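Values in this document were obtained by computation on a predicted structure and should not be read as measured data.
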Amino acid sequence: LHIDPRSQRAWVGGDELPLTARELALLVLLLRHRGRVFSRAQIQQRISDSENLASDRGIEVLVHGVRRKLEQAGITDLIHNRRGAGYLIP
């Protein structure tokens with residue numbers, strides 16, 4: 001997995017991942033702070049510029065989308081969920 005935050009692009013094995021801006025922001029946040037658990041509220045504060053992610057469900061949908069795209073590219077179990085606490089990349 002290679003991410004270039006400046007160009008807002010990510011690749012796996014030379015193939016570009018079709019991530020939205022928010023999906024990429026989530027991935028960058030979790031990768032920059034590996035091992036740190038971010039609550040849904042913290043994720044919303046850090047990557048949301050509108051009310052679109054205001055609900056817990058909005059964050060869950062975002063995480064699910066990133067996981068699905070990573071899995072399609074052959075990367076499984078990258079983003080972990082700590083029940084009742086939030087999400088992290090160990």
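- Note on Trp11 and Ile75: separate hydrophobic clusters, where clusters join Ile, Leu, Val, Met, Phe, Trp and Tyr whose side-chain heavy atoms are under 4.5 Å apart, directly or indirectly.
- The two residues Tyr87 and Leu30 make their nearest non-hydrogen contact at O-CD2, 3.8 Å.
- Linking ILVMFWY residues whenever their side-chain heavy atoms come closer than 4.5 Å, directly or via other members, places Leu70 and Ile3 in the same cluster.
- Residues Lys69 and Thr20 form a side-chain contact, since some pair of their non-hydrogen atoms from C-beta on lies under 4.5 Å apart.
- Around the CZ atom of Arg36, the shell of radius 6.0 Å holds more than 12 heavy atoms that belong to other residues, nucleotides or ligands.
- Following chains of ILVMFWY side-chain contacts shorter than 4.5 Å, one cannot reach Val37 starting from Val66, and the two form parts of different hydrophobic clusters.
- At a threshold of 4.0 Å, the pair Arg57-Glu60 counts as salt-bridged, since one of the basic side-chain nitrogens sits closer than that to a carboxylate oxygen.
- Among all heavy-atom pairs drawn from Ala25 and Ile47, the shortest one is CB-CG2, 3.8 Å.
- Of all heavy-atom pairs between Pro18 and Glu23, the closest is O-OE1, 4.0 Å.
- Linking ILVMFWY residues whenever their side-chain heavy atoms come closer than 4.5 Å, directly or via other members, leaves Ile43 and Val61 in distinct clusters.
- In terms of heavy atoms, Arg82 sits closest to Leu88 at CG-CD2, 3.5 Å.
- Of all non-hydrogen atoms in His80 and Asp77, the two that sit nearest each other are NE2-O, 2.9 Å.
- In this structure, the side chain of Arg34 engages the main chain of Pro90 through a donor-acceptor pair within 3.5 Å.
- Counting non-hydrogen atoms of neighbouring residues, nucleotides and ligands closer than 6.0 angstrom, the CZ atom of Arg46 exceeds 12 such neighbours.
- Distance CZ/Arg32 to CG/Leu27: 11.0 Å, rounded to 0.5 Å.
- Residues Arg67 and Asn81 have side chains in contact (heavy-atom distance under 4.5 Å, counting atoms from C-beta outward).
- Under the 4.5 Å side-chain heavy-atom criterion for grouping Ile, Leu, Val, Met, Phe, Trp and Tyr, Leu31 is connected to Leu19 within one hydrophobic cluster.
- Remark: Arg9 pairs with Glu16 by the side chain to side chain donor-acceptor pair (under 3.5 Å) rule, at least two apart or across chains.
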